[in-house]
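One structure is given below, encoded as structure tokens.
Read the numbers this way: they start at 1 and go in the same order the structure lists the ligands and their atoms. Just so you know, these numbers use all the heavy atoms, side chains as well, and skip hydrogens, waters and symmetry mates.
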Amino acid sequence: MTTPDPAALDPVVLGQRADLMIRTLASISAEPNRLIRGFLTPEHRAAADLVAKWMREAGLEVSEDALGTVRGHLPGEGRKRLLIGSHIDTVIDAGMFDGPLGVIVGILAAGHFAKAGRKLPFGLDVLAFGDEEGSRFPVTLSSSLAVAGHFDTSRLQAMDADGTTFSEVIGQFGKSVADIPLAAYSRDEAAAYIEVHIEQGPVLEYRGQPLGVVTAIAGQTYVNVEFLGEAGHAGTVPMLLRRDALAGAAETVSLAERLARETKGEVVATVGVLRIPNAAGNVIPGNVALIVDIRSGSDTARHKFVEAFKREVRALAERRHLGVTMTDTRNVSVTPCDPALQDGIAKAIAAVGGEPVSLVSGAGHDGMAMAKLCPIAMMFVRCRGGISHNPAEYASPADMGLAAAALIKFIETTNF
Ligand code: HGY
Ligand code: MN
Ligand code: MN
């Protein structure tokens, strides 16, 4: 039995380690002046290699699956394993904490037990997923779905902006599509999945608390809306004779915002992508597409919203003599977090001096995929101004250290 290092449980030391690791990982990007790390890119390769190095240094057995998920394993007494993970891919021009924080805190926690020579009643697996954001392909959660045994091979035909297919990219990454099923855990191995993640919202900061317990992950509907009007000369077509697809899209953006505001917080709706092919200042847009991201902690409220939204879009298209198609490209129900695990996390937060705040996650996470395999739970970490998906994203070393100490406490006080 090696002597436990007293500093190992000191949240200040853990926070400093986490901060250094976060900033080191953040230096791996596709571009020098902003953080971009797409799925199965050279940056993913470099990030995976760095995470694997940290896992080995922490005393974990490292492996990597066919979708580039890096796994650090600490053997326990029995066959069961507690899975601790998050993602190392990013959105474009990202913050450095969204995703990596959960992997790094997992490595620090597992390393604590490895260094102490502690044999836990269950194994620990730290997982670094590479496709949570869906910023390269129009699909998401591929790596965690593969680990959960629910990878849908239709994704292999998805294409990135260069027209390269998902399956081609797997080959370029040095992996084989045939090996994807090997990534899956069997149900009797996976005891639970825990993810530590920045809140990406303002609640913990408002409540003056460093850590929170997630009760559920919001459900999501993505609607691809495409308007078909008539391209025309900007100077010659009278306003009343136009079939302006962009004007229809603009009215749709305001409609989504108005309907969501009317739900008084129950539903949020965002248009983050608007595509105008062959855009030109002197051409009336004839064809415009937009993606509407609709989320809610209540599936009933979300479905009701989508129905009302689509009804009003059809009406405005009619009024404007536009053709319109609406395709749901994502429909994910609310993912509840396991009540017993929530309780364990709340107790661990209290043990490190926090007052556990419970909240719904408006953001999606790999836990949505892992819930198909085993019970899940999430611990949120306060982030400044609730800002995320933005380079101004920030979590303090003190709060990150408390999260690592709370996760260690959770592992020590939980049994499966
Ligand atoms: O969209 C989300 O909520 C996550 O950041 N991918
Ligand atoms: Mn994100
Ligand atoms: Mn995330």
Side-chain angles (χ1 to χ4, degrees), residues 22 25-26 29 34-39 44 47 51 69 84-106 127-145 147 155 158 193-204 212 214 216-224 260 267-273 291-297 302 328-335 337 359-371 376-383 386-395 400 403:
I22 286 265
L25 186 52
S29 172
R34 56 182 188 162
L35 179 51
I36 307 179
R37 216 166 35 234
F39 181 41
H44 180 186
V51 165
T69 298
I84 305 168
S86 195
H87 59 95
I88 56 175
D89 64 320
T90 74
V91 293
I92 297 172
D93 199 10
M96 61 176 82
F97 300 83
D98 172 6
L101 174 60
V103 174
I104 286 166
V105 164
L127 302 164
F129 296 119
D131 179 40
E132 191 277 338
E133 295 294 3
S135 52
R136 178 172 187 180
F137 294 99
V139 288
T140 179
L141 303 181
S142 304
S143 26
S144 39
L145 282 167
V147 164
R155 292 163 175 265
Y193 172 75
I194 302 290
E195 181 163 355
V196 176
H197 201 288
I198 52 168
E199 178 200 340
Q200 300 178 293
V203 172
L204 290 177
V214 176
I217 303 172
Q220 292 181 15
T221 299
Y222 266 38
V223 186
N224 277 14
V267 178
V268 289
T270 313
V271 176
V273 172
I291 298 176
V292 191
D293 174 324
I294 300 158
R295 305 194 193 192
S296 174
R302 176 167 54 92
D328 291 1
T329 56
R330 194 182 295 180
N331 217 331
V332 184
S333 301
V334 169
T335 306
C337 292
L359 65 171
V360 171
S361 172
H365 300 283
D366 284 301
M368 295 154 87
M370 298 302 283
I376 71 154
M378 290 191 73
M379 184 195 304
F380 266 175
V381 181
R382 170 171 48 190
C383 61
I387 295 172
S388 183
H389 284 189
N390 177 324
E393 186 181 276
Y394 175 79
M400 293 194 282

State whether the side chain of [X] and the backbone N or O of [Y] hold a donor-acceptor pair below 3.5 Å, judged by distance alone.
| X | Y | result |
| --- | --- | --- |
| S144 | M370 | no |
| S135 | I92 | no |
| R37 | G130 | no |
| E199 | L204 | yes |
| S333 | G219 | no |

Which protein N or O atoms sit under 3.5 Å from any N or O of ligand 1? Give each pair with its distance.
| residue | atom | partner | partner atom | Å |
| --- | --- | --- | --- | --- |
| ligand 1 | 1 (O) | R295 | NH2 | 2.8 |
| ligand 1 | 3 (O) | R295 | NH1 | 2.6 |
| ligand 1 | 3 (O) | R295 | NH2 | 3.3 |
| ligand 1 | 3 (O) | G364 | N | 2.6 |
| ligand 1 | 5 (O) | E133 | OE1 | 3.2 |
| ligand 1 | 5 (O) | H389 | NE2 | 3.1 |
| ligand 1 | 6 (N) | E132 | OE1 | 3.2 |
| ligand 1 | 6 (N) | E132 | OE2 | 3.0 |
| ligand 1 | 6 (N) | E133 | OE1 | 3.0 |

Checklist entry - Going by distance alone, is a donor N or O of one side chain under 3.5 Å from an acceptor N or O of the other, for Q220 and Y222? => result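 Not at all, the side chains of Q220 and Y222 share no donor-acceptor pair under 3.5 Å.
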Checklist entry - Hey, is there an N, O or S on H87 sitting under 2.8 Å from the Mn ion (ligand 2)? => result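 Of the N, O and S atoms in H87, none lies under 2.8 Å from the Mn ion (ligand 2), which means no.
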Item to check | Heteroatom N/O/S of H365 within less than 2.8 Å of the Mn ion (ligand 3) | outcome: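 No, since none of the N, O or S atoms of H365 sits under 2.8 Å from the Mn ion (ligand 3).
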Item to check | Under the ring-ring contact (aromatic ring centres under 6.0 Å, His included) test, residues paired with H197 that sit two or more places apart | outcome: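 Partners of H197 by the ring-ring contact (aromatic ring centres under 6.0 Å, His included) criterion, ordered by chain and then number, come out as H87, H365.
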Next on the checklist: To 10 degrees, how wide is the angle OE2 (E133) to the Mn ion (ligand 2) to OD2 (D98)?
Outcome noted: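 The two atoms form an angle at the metal of about 80°.
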